[in-house]
Structures are given as C-alpha cells and as structure tokens.
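Please read the structure below before turning to the comments.
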Amino acid sequence: MRAFVSLSLAMARGLLRDRAAVFFTLIFPLMFLMLFGALFKDQGVEQSTLVQVGDVRVLDTMPHKTRAQLRDVLTIEKTDGSAAARRQALEKVREGDADGVVLQHGGKVELRYSAADQVRSGTVQGVLDSIVQQANQRATGQPPAYALGSTAVEDESVKPIQFLTPGLLGWAVAMGGVFGAAFNLVSWRRKRILRRLWLAPVAARSVIGARVGVNLVMAFAQTAVFLLIASLPYYGLQLTGQWWLSLPLVACGTLAFLSIGLLVGSFAKTEEAANGLAQIIILPMAFLSGSFFPLEGAPQWVRTISDVLPLKHLVAAMEAVLSRGGSWGDALPVMGGLLLFAAVLTLLASRLFRWDAA
Amino acid sequence: MTRRDRNARLPPYPPAMSPRTITDPGTAPRHTGPAITAECLRKRYGETQAVDGVSLEVERGEFYGILGPNGAGKTTTMELLEGLRRPDEGHARLLGTASWPRDPALLRRIGVQLQASAFFERLTAREQIRTFAALYGISEARADEMLETVGLTEKAGTREDKLSGGQAQRLSLACALVHDPELVFLDEPTTGLDPQARRNLWDLLRSSNAAGRTVVLTTHSMDEAETLCDRVAVMDHGRVLRVGPPRAMAEEAGVDSLEDLFLQLTGREYRE
C-alpha cells in the first residue's frame with residue numbers, strides 16, 4: 001500500500017512539474033472547450049439583409065409592431081432610388097453581402113434575390129410576401145378572415161455546447177490516458193527506473209495501480225472542470241437526469257486509453273517516437289469520433305471506421321448521458337466494450353513489453 | 001593483509017559518515033553461507049556470447065570487484081547475479097536464495113545501484129529517497145537520515161536533474177542503501193566523478209562495507225579496485241580470467257601493479 005501511494009505521488013509530481021505535459025493534457029482541451037463553446041454559441045439562423053432601393057410603400061408604411069417583429073430576422077438598408085444605387089445594390093447581392101434587393105414599380109413590388117443560398121432566398125421571399133399580403137389586407141379595410149396564433153415551443157434542439165462538452169472531454173481523457181501511459185513507460189525505461197523497480201520488492205500491481213490511479217484522478221478532475229465551465233450561464237450546458245453516469249464512463253475510457261498508451265510505450269524507444277505515435281493515433285481518432293463536430297453528416301465510410309474506435313463510443317455514450325437524458329442502457333454496453341478493449345490491448349502490450357531500450 | 005588492516009590505515013571518517021550511521025547492526029537476518037555463488041553462468045545476445053561460463057563465489061562481508069575492459073561482460077554478469085536477466089545456463093544464488101526467478105523476499109535484502117542514475121523525473125533528492133524507502137517499507141525519517149549520511153541534506157530540495165555528478169552518485173548510493181541491505185551491487189559508481197567526489201564516495205563505500213555489508217562493484221579504475229576491494233575478478237570475453245586479492249595477484253604475476261596485471265591478462269589492443 002505504501003509503495004502504491006508513494007509511486008502515485010512520484011508520478012503525480014513528475015506530471016504536475018512538467019509544464020508542457022500539464023498544458024497539453026490538462027489546459028489545452030479546456031481551451032478548446034472555452035473557444036469552441038464561444039464560437040458556436042449563437043449558431044441560429046442569421047439575419048437576412050435586404051437592400052431597399054428608393055421608396056417602397058409597403059415597407060415604408062409598415063406598422064411599428066411588424067417592424068419590431070421583423071428586426072430579428074431582417075435588416076433593411078434603405079438607399080435612394082438612383083440607377084447607381086440600384087446597380088450597387090445588385091452588385092451587393094451578387095457578392096453575397098446582401099440577400100436581396102427590393103424596389104417598387106408602380107403597384108408592383110419587385111424582389112431580386114441571390115440564387116446562391118436557397119434557404120436564405122426562401123426566407124427573404126417568404127418574409128417579403130407576408131409583408132405585402134398584410135399590406136393588401138390592411139388596404140381592404142376589413143378585419144382579417146383568418147388570424148395566425150403562434151406560441152413558441154420550448155427549444156429542445158441540441159445546442160452545440162451539449163455535444164462539444166462530451167466530445168472534447170472524451171478527447172481530453174484520451175490524450176491524458178495515451179500520453180500518460182506512453183511517456184511514463186518510455187521515460188522509466190530510458191531512465192532505468194523500470195529495472196530499478198524490478199529489483200525492488202514491489203509488486204507489478206502497485207506500479208500499474210499507481211498509473212491508473214493518477215490518471216483516474218486527473219480524468220475526474222478534468223470532468224469536474226469541464227462540466228463546471230460548460231454549465232456557466234455563458235455556455236449554458238444543460239445536464240440531463242443521469243449525467244453522473246459520465247463518471248464510470250470516464251473511468252472505463254481512461255483504462256481503454258491507458259492501454260493504447262501502454263502499447264505505444266512498449267513499441268516506442270524514445271519519448272519523441274512515443275509523442276509522434278500518440279499524436280498519430282489520437283488526432284485522427286478524435287476527428288473520426290465526433291470529438292470536435294457531430295458525425296451525423298459524415299459519409300458512411302467515416303462512420304464505419306469510427307465504429308471501431310473506442311473514443312467514438314465513449315463520446316456517444318457521454319453525450320447520451322450528459323445531454324440527451326440517457327441512462328444505464330446507453331452507458332453499460334459502452335463501459336463493457338471499453339473494458340474489453342483495454343484488456344485486449346494490455347495483453348498485446350505485455351507481449352511487446354521490454355525492460356530496457358537495448 | 002586483511003580488510004580490517006587496510007581499513008585501519010585509512011584516515012578517520014568524518015562524523016556524519018561513520019560506519020555506525022550507515023547501519024543499525026543486527027536488524028537484518030544474517031546468513032552464514034557465502035553471499036554469492038554463481039555457477040557456470042552463460043548469456044548470449046544474438047551472435048555475442050556476453051557471458052561465457054562465469055563461476056564465482058563472494059564471501060560475506062567481502063568487498064568484491066569485477067574488472068574488465070569495455071565489452072568484457074561485466075555488466076551482463078552483474079545483471080545475471082542480480083536476477084535482472086535469466087541466464088541461458090547456470091545459476092546464481094544470493095544469500096542462499098536463487099536470484100532467478102524474481103523473489104521479493106530476497107530483493108528486500110539486496111541493494112542495487114544501476115549504471116545510469118535511475119531517478120524518478122522531476123523529483124527532489126528528498127522525494128527520490130523517500131519514494132525508494134517506501135518501496136521497501138522504510139520510514140521517511142530513516143530516508144532523511146540516509147540523506148544526511150551521504151551529505152545531501154542541504155540538497156534535499158534540489159531536483160534530480162540539477163544535482164552535480166557526484167551528488168547524483170551519492171544520492172543513487174543512498175537510494176541503494178536506504179533499506180540497509182546485506183548485499184549491495186554497484187555498477188561503475190565513480191565513473192565521471194572528479195577526484196574529490198570520488199574520494200568522498202570511496203569513503204562512503206568503505207564505511208558501508210566496514211559495517212558488515214557485502215559489496216560487489218564493477219569498475220574500470222585500477223586504483224579504485226586496489227584501494228577498495230578485498231578481491232577482484234578480472235574478466236574478458238565473458239570469462240573470468242583470474243580472481244584474487246589485487247596486490248597479491250600482482251606480486252604473484254611479478255608485475256608492479258594491478259594495472260600491469262590487467263594489461264597482461266587482457267592485452268593491449270584498443271577496445272571500443
């Protein structure tokens with residue numbers, strides 16, 4: 001027990017005193033969360049811009065109430081009716097700076113829109129059409145025959161932070177595990193600490209247990225910090241019912257990634273080689289596992305590859321329990337799979353294991 | 001001339017390094033047979049026969065040196081004796097117990113200093129020795145005492161990579177001795193040290209041996225072997241060429257020094 005505690009302390013101190021390691025495994029993923037969280041925060045429909053050339057009666061006489069409602073959807077830039085202004089406005093639409101030009105010829109309101117973005121042009125056409133119809137209706141002096149009553153339904157679509165948090169946390173856990181085990185193994189082999197431990201009355205389980213323990217504590221601390229920051233009102237993560245299931249998931253994920261690190265560390269002879277090898281494994285895995293963006297739109301072959309990656313399953317299960325109200329049913333199979341993965345890779349690593357660099 | 005006579009001729013130890021502070025006599029179980037018996041050890045790496053039939057016996061309390069040019073098989077012999085590698089043939093017994101397969105009960109009774117300074121990264125001198133002490137179930141107080149013995153108390157808060165060569169070697173020795181082993185293996189403990197640091201380390205080794213410990217070391221240095229060792233084994237090409245007390249061996253061969261004998265036995269051609 002004392003051997004386990006003191007080896008854990010030695011590992012933790014060695015890690016925390018290595019500024020580069022602290023930055024890359026602890027702070028770097030957190031920076032990604034804060035940055036991505038801020039960048040993708042307001043990913044709703046952007047305002048459309050309409051250039052009004054000269055007087056357009058339906059727009060100019062729009063009631064204040066309608067104008068206020070439109071403000072979220074539409075910006076109207078008014079210019080004079082000259083031919084130059086009209087040319088300029090059309091140029092803007094061509095270059096994508098504006099979504100449409102509106103002008104009036106007698107009783108006809110003319111809309112010129114860009115063909116580039118069909119969703120945009122649809123929005124602009126719809127909005128303008130409704131303005132014209134309302135004006136028509138007002139012109140009859142009759143009350144409207146039909147009225148549209150609308151109330152907002154609570155927004156339950158998944159906000160980016162809801163998938164960014166589990167995705168980036170999974171990536172962080174993967175980095176911590178793979179680098180932790182790989183660097184530890186290579187550097188202890190190079191510094192001959194492995195041999196020194198072999199010649200001390202210490203059980204292998206104390207050494208391995210210390211590594212696993214240090215990584216678990218690190219991963220849990222990271223999970224706590226991630227969830228705290230993402231839950232800040234600014235980022236607005238909403239945790240769902242059994243979010244705490246993410247903890248056993250993180251633990252199983254840590255074991256799986258430690259086993260990848262063991263394999264890398266058994267294979268690599270130098271720290272540089274271990275670093276390169278670990279990066280080559282982690283970065284593509286993170287991209288293919290939906291750590292940075294959802295995989296829903298990805299082509300089928302990408303999803304087929306990602307199905308064999310442990311990180312993909314970890315991220316999916318974490319998203320389920322953190323953001324989608326998932327429960328044991330989502331977490332348990334993934335936990336089992338991760339543990340199996342860890343067992344197979346550890347067995348493989350033990351075949352490749354060497355005490356010294358020679 | 002016996003070891004005790006030679007020790008008697010040495011200058012007195014500074015108080016911090018007196019033998020008494022190195023060990024607490026009577027704590028470890030003492031065993032009666034030889035400290036080491038090795039019979040016909042062989043180890044081959046690919047094409048190289050690194051160790052080719054080494055047999056040796058080291059008495060309890062003896063200071064034993066293994067000499068040889070580069071590539072003579074000294075380090076591999078040590079590794080086979082320690083139980084770090086499995087011999088292809090033959091077997092080694094330490095304190096009456098086979099060193100292969102690994103036996104934690106035996107490991108508790110032996111101390112090892114490896115050639116390179118095997119330290120945990122970015123830990124201070126005190127943290128290093130306390131970590132090693134914990135591996136053997138030794139108290140932190142005893143670890144700090146050991147640091148004092150090797151004169152590193154002032155450097156206790158210094159990180160492993162900021163220690164000088166001599167300080168690192170002393171720390172490494174302290175880590176090997178912290179659990180008061182009966183038998184210590186040292187692999188080239190004074191390589192790369194300046195004369196002051198070397199003398200300082202010799203004093204430590206001598207006092208450690210004077211406390212009743214069996215010490216086995218490999219070295220390139222003839223004066224180190226002559227000064228410290230009761231007996232030396234001269235090795236080359238994986239074999240033991242001759243064993244005996246350094247001066248007596250030289251006299252017997254009719255040469256002036258151990259170095260002359262060494263060159264006579266191993267030849268003058270350039271190695272590595």
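Each chain gets a letter, A, B and so on, in the order its sequence line appears, and its residues count up from 1.
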Practice task
For side-chain contact (heavy atoms from CB on, under 4.5 Å), just list the numbers for A:W198 and B:L107, CA-CA rounded to whole Å, side-chain angles, deciding distance to a tenth of an Å, and then say yes or no.
Solution key: CA-CA 9 Å; A:W198 171 263; B:L107 292 175; over 6 Å; no
Problem - From CD1 (B:I138) to CZ (A:R2), nearest 0.5 Å - result: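 The distance works out to 8.0 Å.
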Contacting region of [X] [heavy-atom separation from chain A under 4.5 Å]:
X: B:E127; value: side chain
X: B:F185; value: neither
X: B:Q128; value: neither

Handout entry: Side-chain donor/acceptor of A:R196 to backbone N/O of B:F119, under 3.5 Å
Key = no
Which atoms form the tightest heavy-atom contact between [X] and [Y], and what is the distance?
X: A:L197; Y: B:F120; result: CD2-CZ, 4.4 Å
X: A:R13; Y: B:L123; result: CB-CD2, 3.5 Å
X: B:P104; Y: A:P201; result: O-CB, 3.5 Å
X: A:R192; Y: B:A118; result: O-CB, 3.6 Å
X: A:A200; Y: B:L135; result: CB-CD1, 4.3 Å

Exercise for the section: Run the numbers on A:L9 and B:T131 for side-chain contact (heavy atoms from CB on, under 4.5 Å), then give the verdict. Expected result: CA-CA 9 Å; A:L9 264 177; B:T131 306; over 6 Å; no
Exercise for the section: Find the one option among A:D18, A:V5, A:V202 whose heavy-atom pairs under 4.5 Å with chain B are most numerous. Expected result: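 Greatest number of close heavy-atom pairs with chain B: A:D18.
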Exercise for the section: Under 4.5 Å, counting heavy-atom pairs only, tell me which of A:L16, A:L7, A:L194, A:L15 racks up the most with chain B. Expected result: A:L7
[atom1]/[X]: more than 12 non-hydrogen atoms of other groups inside 6.0 Å:
X: A:F267; atom1: CZ; answer: no
X: B:W100; atom1: CH2; answer: yes
X: A:R17; atom1: CZ; answer: yes
X: A:K312; atom1: NZ; answer: yes

Handout entry: Salt-bridge contact B:E82-A:R195 (side-chain N to carboxylate O under 4.0 Å)
Key =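 Looking at A:R195 together with B:E82, the answer is no, because their closest N to O distance does not fall below 4.0 Å.
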Exercise for the section: Evaluate the side-chain contact (heavy atoms from CB on, under 4.5 Å) criterion for residues B:E121 and A:W188: first the C-alpha distance (whole Å), next the side-chain angles of each, then the deciding distance (0.1 Å), finally the verdict. Expected result: CA-CA 8 Å; B:E121 305 142 283; A:W188 279 20; 3.5 Å; yes
Exercise for the section: Output the residues of residues 41-59 of chain B for which the shortest heavy-atom distance to chain A is under 4.5 Å, in residue-number order; output 'none' if no such residue exists. Expected result: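 So far as heavy atoms go, nothing in residues 41-59 of chain B approaches chain A to under 4.5 Å.
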Handout entry: Proximal to chain B - members of residues 246-263 of chain A, heavy-atom separation under 4.5 Å
Key =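 Checking residues 246-263 of chain A against chain B gives no residue, so none.
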